[in-house]
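Just so you know, ligand 1 is whichever comes first in the structure, and atom 1 is the first atom listed for that ligand.
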Amino acid sequence: MVSSRALTLNLAGLSALVSISLATPIEHANHFDLRPFSINLSRGVPRMLELIKDTKLPDKEEYPGVGSSAGIGLDVVKSLQREWTVDFDWHKEEAKLNKYHHYTADIENLSIHFIHEKSHDAEAIPLLLNHGWPGSFLEFLPVINNLTQKATTSTGKPISFHVIVPSMPGFAFSSAPPANWTVDDTARVFNTLMTKVLGYETFATFGTDFGAGPAYSLYDNFNSSTRAAHFAFLPFFPLPPDQLAAENITLSKLEQSEEQNFVTWSTTGNAYFSEQATKPNTIGLALQDNPIGQLAWMGEKFISWSDPKAGTAPSVLNHNQILLSTSLYYLTRSFLSSVYVYFQNPNGFKSVYTKAKTDAPLLFSAFQYNVAFWPQALVAKVGNLVMYNNHEFGGHFPGLDNPPALIQDLREIGNYWDRA
Ligand SMILES: *[C@@H]1O[C@H](CO)[C@@H](O)[C@H](O)[C@H]1NC(C)=O
Ligand SMILES: *[C@@H]1O[C@H](CO)[C@@H](O)[C@H](O)[C@H]1NC(C)=O
Ligand SMILES: *[C@@H]1O[C@H](CO)[C@@H](O)[C@H](O)[C@H]1NC(C)=O
Ligand SMILES: *[C@@H]1O[C@H](CO)[C@@H](O)[C@H](O)[C@H]1NC(C)=O
Ligand SMILES: *[C@@H]1O[C@H](CO)[C@@H](O)[C@H](O)[C@H]1NC(C)=O
Ligand SMILES: *[C@@H]1O[C@H](CO)[C@@H](O)[C@H](O)[C@H]1NC(C)=O
């Protein structure tokens, strides 16, 4: 332990670290070069806008009438192109992003970027939120502040969170990882972030899309620190209908439509997955300096993987959100390293369902328009399932297309959290 005088001096030296309490082991924090971080990507904006304006799209669809079955529509890209240069204001967005407390820490030679918003409640549960692709830390901004507030679970238990949202290695402001870096490596780094850099001995975690990988690895491999896990996606391949039937799993009407979304994704919607898993450099180099190209490649996912009512309350997944997300990828020059997460994790989605080595509770939230579906009986195979909720509004990006439901479900962790 350091003396309180040393702590005071250290804190003075880190004057901007307002959200670090005295209980945080500062000597560890310094060892990891923990620093406040502020976003300033303004240097790249003029070139980005120039490229957007200069991109000449065809006057009309080559094959009118195919609709979204052939991919993102020309009209959609054109309207987003216009909105990007006319309505979208990076500087305004950046100022909003900088209202959160951002930090970087050096862990295993990687600079890891994260948001850390502390609750005023001393009993708050530390909660690590794991984003996916084409997501980023932006996916969770609509839920952060409410999660830090005192609330109650469905059974009346008090609940609040200290919220930590890291950028996965290779995404946004976190360093690109070395070759062959897996989601298990990311989990180890995030466990270090939570326990050693921030001093939280135990914590809860949530994961979606490729973020389900590190979240599940924390749940499975770090069972003394990860004491609850919540998922909207699993790192196990969903089963096609015939295999569900073979497992004697029957589906409700809602579940049948969700299973159909998975069938559609796996038959006509997963080319990007194969490309990124096999030739990431090709698509990476093709789009690295091409904002409209990144918009088409990733915007299609935001649109087709979310609720058809996306953009109407409570969804905040509107065009501005898609442009913000694409701008972040473009301006941080992280598109290429982000798609490598598929290449580096050939076993990122397992086909054999195994149970995690933990007694910690597992919670799951399904959203009707997600592209993959796991009925309750499948989720129960991979952990100590204590809660399974299925929502008729929302899709693949719950923090954006149904934030209140995600907040409510995350708060249920309080019913099962046991500090002892
Ligand atoms: C951002 O960085 C640029 C230099 O690249 C500087 O001119 C500008 O003042 C900075 N903006 C803020 C808000 O710090
Ligand atoms: C970090 O980099 C240094 C210098 O390249 C190397 O010696 C060291 O082994 C690396 N540490 C880790 C944890 O990878
Ligand atoms: C990464 O994996 C590939 C294929 O498994 C292997 O050939 C290569 O040596 C590995 N690279 C590193 C740095 O471990
Ligand atoms: C499914 O039900 C059939 C008939 O009851 C039974 O023979 C079979 O073992 C069951 N399969 C599984 C995976 O439980
Ligand atoms: C954690 O995992 C180990 C095996 O890796 C197991 O022996 C132990 O019982 C687990 N602990 C809990 C609390 O589940
Ligand atoms: C956050 O809490 C405020 C105040 O209770 C509420 O008005 C708002 O709808 C909540 N936001 C979400 C996304 O649930």
Side-chain angles (χ1 to χ4, degrees), residues 96 99-100 117 119-121 124 127 129 138-154 158-161 163 165 184 187-188 191 195 201-206 216-229 232 239-251 306-307 309-318 321 351-362 365 367 374-386 389 391 393-395 397-414 416-420:
K96 282 196 255 170
K99 292 203 169 120
Y100 295 86
E117 290 297 330
S119 174
H120 294 302
D121 180 4
L127 172 66
L129 302 174
L138 299 174
E139 277 185 65
F140 297 117
L141 297 191
V143 303
I144 292 177
N145 287 337
N146 283 25
L147 290 172
T148 65
Q149 303 297 311
K150 277 192 183 182
T152 49
T153 70
S154 63
I159 179 75
S160 61
F161 297 99
V163 182
V165 187
D184 291 328
R188 187 183 61 250
N191 188 62
T195 58
E201 276 176 37
T202 59
F203 58 89
T205 192
F206 170 83
Y216 189 82
S217 182
L218 283 164
Y219 179 66
D220 190 10
N221 300 319
F222 295 89
N223 64 18
S224 56
S225 52
T226 310
R227 296 309 302 153
L239 299 187
D242 59 330
Q243 283 185 40
L244 288 183
E247 294 275 341
N248 295 338
I249 296 172
T250 53
L251 304 180
S306 64
D307 194 300
K309 295 188 291 298
T312 64
S315 166
V316 295
L317 214 181
N318 53 19
Q321 184 69 46
S351 44
V352 177
Y353 281 63
T354 50
K355 200 145 212 149
K357 305 174 288 293
T358 184
D359 60 357
L362 185 154
S365 301
F367 292 86
W374 293 266
Q376 182 168 340
L378 278 190
V379 183
K381 285 177 188 275
V382 305
N384 174 24
L385 182 64
V386 296
N389 280 351
H391 299 277
F393 191 93
F397 306 93
L400 299 175
D401 58 2
N402 196 346
L406 181 60
I407 291 168
Q408 199 175 3
D409 285 0
L410 282 165
R411 284 177 174 157
E412 293 298 288
I413 290 171
Y416 310 98
W417 182 257
D418 183 1
R419 268 161 230 270

Exercise. Determine yes or no for a side-chain-to-main-chain donor-acceptor pair under 3.5 angstrom, with Asp121 supplying the side chain and Lys150 the backbone.
Key: no
Practice problem: Provide, to 0.1 Å, the distance between atom 14 (O) of ligand 5 and the closest protein heavy atom, together with that atom's residue and name. | Solution: Asp359 N, 3.1 Å
Quiz item: Heavy atoms of the protein only: does one fall short of 4.0 Å from atom 9 (O) of ligand 6?
Solution: no
Quiz prompt | Numbering as shown, the atoms of ligand 6 that approach Ile407 to under 4.0 Å (heavy-atom distance) | solution = 12 (C), 13 (C), 14 (O)
Quiz prompt | Distance filter under 4.0 Å to Asn223 heavy atoms, resulting ligand 5 atoms | solution = 1 (C), 2 (O), 3 (C), 8 (C), 10 (C), 11 (N), 12 (C), 14 (O)
Quiz item: Would atom 4 (C) of ligand 4 count as contacted, meaning some protein heavy atom under 4.0 Å?
Solution: no
Quiz prompt | Protein contact of atom 13 (C) of ligand 4 - nearest heavy atom, named by residue and atom, plus distance | solution = Ala246 O, 3.6 Å
Quiz item: Can you tell me how far CD of Glu117 sits from CG of Leu147, rounded to the nearest 0.5 angstrom?
Solution: 11.0 Å
Self-check item: Sub-3.5 Å N/O-N/O distance, Arg227 and ligand 5
Solution: no
Quiz item: Any idea how Phe206 and Phe140 line up, ring-wise: parallel (<30°), tilted (30 to 60°), or perpendicular (>60°)?
Solution: perpendicular
Exercise. Going by heavy-atom distance to atom 11 (N) of ligand 6, choose the closest among Val143, Leu406, Asn146.
Key: Asn146
Quiz item: Which residue supplies the protein heavy atom nearest to atom 12 (C) of ligand 4, what is that atom called, and how far is it?
Solution: Asn248 ND2, 3.5 Å
Self-check item: Spatial distance of atom CG (Leu129) from atom CG (Leu406) [nearest 0.5 Å]
Solution: 7.5 Å
Practice problem: May I ask you to decide if Lys357's main-chain N or O and Asn223's side chain share a donor-acceptor pair within less than 3.5 Å? | Solution: yes
Quiz item: Roughly how far, to the nearest 0.5 Å, is CH2 of Trp417 from OG1 of Thr202?
Solution: 4.0 Å
Exercise. Supply the atom-to-atom distance Thr205 OG1 to Tyr219 OH, rounded to the nearest 0.5 angstrom.
Key: 12.0 Å
Quiz item: Which of the numbered atoms in ligand 5 are below 4.0 angstrom from a heavy atom of Thr358?
Solution: 14 (O)
